[in-house]
Amino acid sequence: MMIRRGTFKATGIAGVLAASAGLASPALAQGWEPVKPVTLVIPAGTGGGADQMARFVQGVVQKHNLMKQPLIVINKGGGAGAEGFLEMKASANDPHKIAITLSNLFTTPLGTGSPFNWKDMKPVSMLALDQFVLWVNVEKPYKTAKEYVDAVKAGEDRQFKMGGTGSKQEDQIVTAAIEQQTGGKKFTYVPYAGGGQVAVQLVGNHVDSTVNNPIEAVGQWRAAQLRPLCIFDAQRSTYTQKVTDKEAWSDIPTCKESGLPVEYQMLRGIFTTKNATPAQVNYYVELFKKVMATPDWKEFMEKGAFNQTSMSGADFDKWLVSAEALHADLMKKAGFLATQ
């Protein structure tokens, strides 16, 4: 069943709201601040994009003395992130916990039946949208996405291995969309615990391709071990500074340009616990405004080629409702719903 470009487009959600996005926060009661260390839960494994962003935020908060209390980062990636989400759900009355989220916020409950929904937490802010890139090992002959897709078409069914983070998660959803363009040929999808592992496996030629986020594979690209074939966005990256000796993020063509009409971007957001008060939520909104205002953050955004769409409040709530519906549709078409 074909997933048309018009429906497989996470950027569409952000695009509708981009005009009203920003980091505007309502005038809420002031005065609350943490009275003990704050735990930042990562519902993912170590080395991946969420892990790297969370630990970067921890460093920025400490460097610029943005909190009086320590920020403690912990990974709770079991069950495709369900471990972390269920901990947040169980901590509904503890405003000293926040979580950094990715699109497994939607895909994990939809794909596993885990008793969790994003409404079991309180939205704080969208920090950015993360890109996906189709990567291959530099030792492979493919120079464009079309050349790679043509090779998959010409090969045996499931001959080519696609490495990704988790099962029925973002990487496999993107893989399922690519399969709509391969003439009926499927990949053998190989799940790993985190994006860092995925990049290492591709360098070792244990898989043929990945759709890693930019920050998860930038080191291997810079070391001339991996080759980016295309970026799953409607337009090229705006970052023009050279990453390698010859190429910048902006030099990577869109997948549509390369003959692969698929688009997808992933949430990087912050939530706190469900029963947090408006003042408590606002404390974290303001905290992350300060984080995003630092030169460190701007450098991090460019290093990881992030789409710097950000929002909070009602805009973020509206975006989340639309994103949940989009993922339910995509996963249904891919046969990934727990109820299928």
Side-chain angles (χ1 to χ4, degrees), residues 44-53 77 80 102-104 130-179 181-182 185-233 237 243-249 251-255 258-260 262 264-266 303-306:
T46 58
D51 181 67
Q52 291 186 53
M53 181 175 280
L102 48 159
S103 294
N104 66 349
D130 206 349
Q131 305 280 10
F132 285 79
V133 173
L134 179 60
W135 301 91
V136 294
N137 192 298
V138 292
E139 297 173 0
K140 300 296 183 180
Y142 320 113
K143 299 298 193 297
T144 68
K146 184 178 185 304
E147 289 179 6
Y148 183 59
V149 169
D150 286 346
V152 175
K153 287 181 181 179
E156 297 294 326
D157 191 35
R158 303 188 185 278
Q159 174 185 336
F160 286 79
K161 296 179 180 179
M162 178 73 81
T165 304
S167 297
K168 298 182 180 180
Q169 302 297 316
E170 302 90 352
D171 291 12
Q172 194 170 11
I173 292 173
V174 176
T175 301
I178 297 171
E179 289 173 342
Q181 310 297 324
T182 56
K185 300 294 177 61
K186 300 286 189 181
F187 289 94
T188 295
Y189 182 79
V190 185
Y192 295 98
Q197 276 190 41
V198 175
V200 169
Q201 294 301 312
L202 184 57
V203 170
N205 276 316
H206 301 295
V207 293
D208 299 289
S209 57
T210 70
V211 290
N212 257 4
N213 302 127
I215 200 170
E216 295 172 333
V218 64
Q220 290 84 355
W221 182 29
R222 188 177 288 116
Q225 296 172 314
L226 300 182
R227 176 184 300 128
L229 298 183
C230 67
I231 189 167
F232 292 92
D233 197 352
S237 172
V243 177
T244 70
D245 292 341
K246 298 180 180 179
E247 292 182 292
W249 291 115
D251 292 318
I252 303 174
T254 68
C255 292
S258 301
L260 180 58
V262 177
Y264 186 78
Q265 290 181 306
M266 179 167 63
K303 177 184 175 183
F306 289 93

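Quick note: residue numbers are just sequence positions, from 1. For clarity, every value in this text was computed on a predicted model and none was experimentally measured.
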**Q** Is there a donor-acceptor pair under 3.5 Å between the side chain of K185 and the backbone N or O of K153?
**A**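 Here the side-chain-to-backbone pair exists.
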**Q** Is there a donor-acceptor pair under 3.5 Å between the side chain of Q52 and the backbone N or O of G47?
**A**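 A pair under 3.5 Å: yes.
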**Q** Do V133 and C230 have side chains that get closer than 4.5 Å, going by heavy atoms?
**A**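 When only atoms from C-beta onward are counted, C230 and V133 do not touch, as no gap falls below 4.5 Å.
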**Q** Atom CZ in F306, atom CD in Q265: separation rounded to 0.5 Å?
**A**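 One finds 11.0 Å between CZ of F306 and CD of Q265.
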**Q** Nearest 0.5 angstrom please: C255 SG to K146 NZ, how far?
**A**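 That separation rounds to 14.5 Å.
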**Q** Please find the pair of heavy atoms, one from S167 and one from Y189, that lie closest to each other, and give the distance.
**A**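 Heavy atoms of S167 and Y189 come nearest at CA-CE2, 4.3 Å.
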**Q** Side chains of Q225 and N137: any donor to acceptor distance under 3.5 Å?
**A**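 No, because no side-chain N or O of N137 sits under 3.5 Å from a partner of the opposite role on Q225.
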**Q** Run the side-chain donor-acceptor check on residues 157-166: report pairs under 3.5 Å with partners two or more places apart or on a different chain.
**A**
unit_1	atom_1	unit_2	atom_2	d
D157	OD1	K186	N	2.6
R158	NH1	F187	O	3.3
Q159	OE1	E156	N	2.8
T165	OG1	G195	N	3.4

**Q** Less than 4.5 Å apart, any side-chain heavy atom of E147 and any of D150?
**A**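 Side chain of E147 against side chain of D150, heavy atoms only: no contact under 4.5 Å found.
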**Q** Please round to the nearest 0.5 Å and tell me the distance separating atom CG of N212 and atom CG of L226.
**A**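 Answer for the CG-CG pair, N212 versus L226, is 8.5 Å.
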**Q** Is any side-chain heavy atom of T188 closer than 4.5 Å to a side-chain heavy atom of D208?
**A**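 The answer is no, as the side chains (C-beta and beyond) never meet within the 4.5 Å cut-off.
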**Q** Which value, rounded to the nearest 0.5 Å, describes the distance between L134 atom CG and L229 atom CG?
**A**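 Spacing of CG (L134) from CG (L229) equals 4.5 Å.
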**Q** Is a side-chain N or O of W249 found less than 3.5 angstrom from the main chain of K303, in a donor-acceptor match?
**A**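 Such a contact is found between W249 side chain and K303 backbone.
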**Q** Are the side chains of Q131 and S237 in contact, using a 4.5 Å heavy-atom criterion?
**A**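 They are not in side-chain contact.
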**Q** I'd like to check R222 versus V218 (side-chain heavy atoms, cut-off strictly below 4.5 Å). Are they in contact?
**A**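 Contact flag for R222/V218 side chains = yes.
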**Q** What verdict does the side-chain contact (heavy atoms from CB on, under 4.5 Å) test give for F132 and D171, after you've listed the backbone C-alpha separation in whole Å, the side-chain angles of each residue and the deciding distance to 0.1 Å?
**A** CA-CA 8 Å; F132 285 79; D171 291 12; 3.2 Å; yes
**Q** Evaluate the criterion ring pair (Phe, Tyr, Trp, His ring centres under 6.0 Å) for residue pair F232 and Y264; output intermediate values, then yes/no.
**A** CA-CA 6 Å; F232 292 92; Y264 186 78; 8.7 Å; no
**Q** Are any non-hydrogen side-chain atoms of N205 and K140 less than 4.5 angstrom apart?
**A**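 When only atoms from C-beta onward are counted, K140 and N205 do touch, with a gap below 4.5 Å.
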**Q** Sub-3.5 Å donor-acceptor pair from the side chain of E216 to the main-chain atoms of N213, do we have one?
**A**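 Pair found, side chain donor or acceptor close to backbone of N213.
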**Q** Does any N or O in the side chain of S258 come within less than 3.5 Å of the main-chain N or O of L260, such that one atom is a donor and the other an acceptor?
**A**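 Judged by distance alone, no pair lies under 3.5 Å.
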**Q** Please check: side-chain N/O of W135 versus main-chain N/O of A217, any donor-acceptor pairing under 3.5 Å?
**A**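 Between the backbone of A217 and the side chain of W135 there is no qualifying donor-acceptor contact (under 3.5 Å).
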**Q** Is the distance between the ring centroids of Y148 and Y142 less than 6.0 Å?
**A**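 Ring centroids of Y148 and Y142 are less than 6.0 Å from each other.
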**Q** Return the minimal non-hydrogen interatomic distance between I215 and G49, and the atom names on each side.
**A**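 Closest pair (atom of I215, atom of G49, distance): CG2-CA, 4.0 Å.
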**Q** Hey, is the main chain of N104 close enough, under 3.5 Å, to the side chain of E170 for a donor-acceptor pair?
**A**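 A pair under 3.5 Å: yes.
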**Q** Does V200 reach the side chain of Q197, with side-chain heavy atoms less than 4.5 Å apart?
**A**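 In short, these two side chains do not touch, never coming nearer than 4.5 Å.
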**Q** D130: which residues meet the salt bridge (Lys or Arg N to Asp or Glu O under 4.0 Å) condition with it, sequence neighbours left out?
**A**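 D130 satisfies salt bridge (Lys or Arg N to Asp or Glu O under 4.0 Å) with R268 once adjacent residues are dropped.
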**Q** Is the backbone N or O of E247 less than 3.5 Å from a side-chain atom of D251, with the two atoms forming a donor-acceptor pair by type?
**A**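 Checked: no pair found.
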**Q** Locate the shortest heavy-atom distance separating G45 from D51; write the atom from each residue and the value.
**A**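 Between these two residues, the closest heavy atoms are O-CB, 3.4 Å.
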**Q** May I ask you to test the Y192-Q201 pair for a side-chain heavy-atom distance under 4.5 Å?
**A**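 Touching, per the 4.5 Å side-chain cut-off.
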